[in-house]
Peer 1: 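Below: one structure in structure tokens.
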Amino acid sequence: MITTVPPVARSMTSHLWILLALVSPIQGCAPTTGTPTPLPLTGGEPIRVTLLHINDVYEITPLDQGRSGGLSRIATLRHRLLADNPNTLLTLGGDFFSPSAVGTALVDGARLAGRQMVATLNATGVNLAVFGNHEFDLREPEFLSRLGESRFPYLATNVTDANGDLFPGTVPHRIVTITAPDRRTVRIGFVGATIRSNSRDWVRYTDPDSALRHEVTLIRDSADAIVALTHLPIATDLHLAETVPELTVILGGHEHDNQAYRRGPHFTPVLKADANARSAVIVHLTLSPGAPAHVSYELVVVTDSIPEDPVVRAEANQWMTLGTAGMRASGFEPDRVVTRTTVPLDGREAVMRTRPTLLGAIVASALRHETNADVGLFNTGSIRIDDVLPPGPITEYDLIRLLPFGGHVVEVEMTGSLLSRVLATGESNRGTGGYLAWDNVGRDSSGQWSVGGAPLDTTHTYRVVTTDYLVSGAERNLGYLAPGHPGLRLLRELRDIRQVVMTELRRRYGLP
């Protein structure tokens, strides 16, 4: 049997009341009364706990024409694991409210903004989640609504509201008590940390490393094993494994490809799955009397060899129907074929954010051709599909998946000195979403920039077509590229970027 106990009390009264109000069972289990004292682990078989982990999920239905991923298949995996071991928990490593193609759809006059994700994750049976940075893409009322709809708690060790109070439905840690048939018990402590990369005036972040260490110190004497759910860069996860020896396992997110490391004095596992439930990590914890937890794990590739759970499939399909209708009302026809490509278009983050790509060139070219400007320029982090579109038909839904944030294309005047600085910053942003792709720009072996084949003239003024986001000052290390900069002047606002890319694809590959 699985039950939960209250977090350690805080000195702040407001926090204490929130935490006491959140003493609720993990989904589908009976509540605990009070704070039970674990019975000693003497005799009997080791107690087994199974964790099923996914991260960075933006799609509620399978991908690749139904061949890959799908929360309905994760639900099937969960049911199978529960049949083998009732002490099974499904954890989620952040980034699921946003960005999502369906989440952009207007339904009853409002964006879905993650409603479809929470409803489908509820049906899937998520037990614990941590925030990702993209949860905070939402407006504050949308974010709070998603929390209220969730049937699972959120670990928020380093994230609070602007006043420093916990958001509703969040806890800084959670202790889950596992009771064996012979009444022996073990406790699994969970903590959760989120990367500080999406600033909002209604959110306060503390340093995730320090906050997690502090929380571990609070619960280490109350738990037989401690699991960190994180949405952090892999380098930070590895550092935690090396410097926080109390951690039994780190289940992460943020990167979109599966990863498995062992680091630190106890070779703590650091594990991540592939985005969009293309894979899932299964962790087996075995706890024996007087011994450290034994950890083993496996990666399961989620394909159509795993049947879809009918309840979750029906839930997801219902939201897809609503989302599709909303997209149509906004002028998109999701199933309409835009063009047929002859080569694959690689939109994986690990590729888009580190080097020039064909897809990046197509988007940058689309921007420049919109007005026949001197330069087309955009941040590769706006491409969110994290997938390869194979040769063949490209639909309007694919375009929404590529660019779910949408946004308007803008034409600006930019001085040569500012353009040179922006291009250099884009190069220094390699490996992040602030890495820039451009069209009609070159760079020689000495680092000299050129525009249209001629050396970039820092005294000249260039016409640049880019996105409204990139000239808002919100991109990494490009805070200076914002209204009010003396080298920047807005000329006009143009179409939605997805419409612009649609035109470019047809220009290159023809009508379907």
Side-chain angles (χ1 to χ4, degrees), residues 48-57 69 74 77 81 89-96 128-133 155 157-158 173 188-197 207-213 215-216 220 223-287 291-302 348-351 353-354 386 430-433:
R48 296 186 302 127
V49 179
T50 303
L51 305 175
L52 174 60
H53 181 72
I54 55 176
N55 53 271
D56 300 85
V57 182
I74 296 299
L77 281 177
L81 292 170
L89 299 172
L90 174 56
T91 60
L92 179 57
D95 271 12
F96 46 95
L128 281 168
V130 68
F131 294 130
N133 51 294
L155 292 161
T157 301
N158 73 310
H173 70 258
I188 312 297
F190 289 87
V191 293
T194 301
I195 186 173
R196 299 187 295 178
S197 69
D207 175 62
D209 185 295
S210 301
L212 192 143
R213 290 169 187 276
E215 209 66 30
V216 167
R220 64 187 176 190
D224 301 289
I226 299 178
V227 177
L229 287 187
T230 68
H231 193 89
L232 300 168
I234 187 62
T236 306
D237 284 321
L238 296 177
H239 177 70
L240 288 168
E242 292 166 353
T243 59
V244 187
E246 297 92 341
L247 293 177
T248 306
V249 63
I250 297 173
L251 298 177
H254 193 55
E255 282 86 9
H256 286 198
D257 52 338
N258 70 80
Q259 303 190 38
Y261 298 88
R262 281 186 177 267
R263 291 290 189 274
H266 304 306
F267 293 94
T268 302
V270 179
L271 308 168
K272 306 192 185 198
D274 294 279
N276 282 323
R278 291 183 182 277
S279 69
V281 174
I282 300 176
V283 177
H284 304 281
L285 300 177
T286 305
L287 294 109
H294 177 267
V295 184
S296 63
Y297 50 86
E298 57 187 303
L299 182 79
V300 176
V301 179
V302 180
R348 292 174 298 170
E349 283 192 4
V351 176
R353 299 182 178 195
T354 56
D386 198 41
R430 188 181 298 270
T432 75

Peer 1: Give me the atom names and distance for the closest heavy-atom approach of Asn158 to Ala193.
Peer 2: OD1-CA, 3.4 Å
Peer 1: Does the side chain of Gln259 come within less than 4.5 Å of Ile234's, by heavy atoms?
Peer 2: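 Yes. Closest side-chain heavy atoms under 4.5 Å.
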Peer 1: Regarding Asp257 and Arg348, does a basic nitrogen lie under 4.0 Å from an acidic carboxylate oxygen?
Peer 2: no
Peer 1: If you measure from CZ on Arg213 to CG on Leu240, what distance do you get to the nearest 0.5 Å?
Peer 2: 6.5 Å
Peer 1: Among residues two or more places apart or on two chains, list those pairs meeting ring pair (Phe, Tyr, Trp, His ring centres under 6.0 Å) that have a residue in residues 260-285.
Peer 2: none
Peer 1: Kindly compute the distance separating OG (Ser296) from CD1 (Ile282), expressed to the nearest 0.5 Å.
Peer 2: 10.0 Å
Peer 1: Work out which heavy atom in Thr268 is nearest to a heavy atom in Leu247; give both atom names and the distance.
Peer 2: OG1-O, 3.3 Å
Peer 1: Are the side chains of Leu155 and Val191 in touch, meaning some heavy atoms are under 4.5 Å apart?
Peer 2: no
Peer 1: Can you find a pair of side-chain heavy atoms, one from Val130 and one from Thr157, that are under 4.5 Å apart?
Peer 2: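 They are not in contact (no side-chain heavy atoms under 4.5 Å apart), so the answer is no.
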Peer 1: Pair Phe190, Leu89 - check side-chain contact (heavy atoms from CB on, under 4.5 Å), show working.
Peer 2: CA-CA 12 Å; Phe190 289 87; Leu89 299 172; 3.8 Å; yes
Peer 1: Has the side chain of Arg430 got a donor or acceptor atom that lies under 3.5 Å from a matching backbone atom of Thr354?
Peer 2: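 Yes, the answer is positive, given that a donor and an acceptor are paired below the 3.5 Å cut-off.
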Peer 1: Quick one: are Ile195 and His231 in side-chain contact, heavy atoms under 4.5 Å?
Peer 2: yes
Peer 1: Run the side-chain hydrogen bond (donor to acceptor under 3.5 Å, both in side chains) test against Asn276 and tell me which residues pass, sequence neighbours left out.
Peer 2: none
Peer 1: Should Thr91 and Val227 count as side-chain neighbours, where that means a heavy-atom distance under 4.5 Å?
Peer 2: no
Peer 1: Look up atom CG in Asn55 and atom NE2 in His53, then write down how far apart they are to the nearest 0.5 Å.
Peer 2: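 The distance works out to 4.5 Å.
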Peer 1: Please give me the minimum heavy-atom distance between Thr248 and Ala293, naming the atom from each residue.
Peer 2: CG2-CB, 3.9 Å
Peer 1: Do you know which of Asp95, Asp56, Asp237 makes salt bridge (Lys or Arg N to Asp or Glu O under 4.0 Å) with Lys272?
Peer 2: Asp237
Peer 1: How long is the gap from OG1 on Thr194 to NE2 on His254, to the nearest 0.5 Å?
Peer 2: 11.0 Å
Peer 1: Going from CG on Asp209 to CG on Leu232, what distance comes out if it is rounded to the nearest 0.5 angstrom?
Peer 2: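 Between Asp209 CG and Leu232 CG, I get 9.0 Å after rounding to 0.5 Å.
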Peer 1: What is the minimum heavy-atom distance between Ala280 and Val302, and which atoms define it?
Peer 2: N-CG2, 4.2 Å
Peer 1: Has Ser279 got a side-chain atom pairing as donor or acceptor with Asp274's backbone, closer than 3.5 angstrom?
Peer 2: yes
Peer 1: Output the distance between atom OG1 (Thr230) and atom CG (Leu212), rounded to the nearest 0.5 Å.
Peer 2: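 Reported to 0.5 Å precision, the distance equals 8.0 Å.
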Peer 1: Looking only at non-hydrogen atoms, find the nearest pair between Val57 and Ala277 and report the distance.
Peer 2: CG2-N, 4.2 Å
Peer 1: Measure across Ala223 and Gly189 and return the closest heavy-atom pair with its distance rounded to 0.1 Å.
Peer 2: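 The pair with the smallest heavy-atom distance is CB-N, 3.8 Å.
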Peer 1: Apply side-chain contact (heavy atoms from CB on, under 4.5 Å) to the pair Leu51 and Ile188, showing each step before the final yes or no.
Peer 2: CA-CA 11 Å; Leu51 305 175; Ile188 312 297; 5.8 Å; no
Peer 1: Determine whether Leu285 and Val295 make a side-chain contact, defined as any pair of heavy atoms from C-beta on separated by less than 4.5 Å.
Peer 2: yes
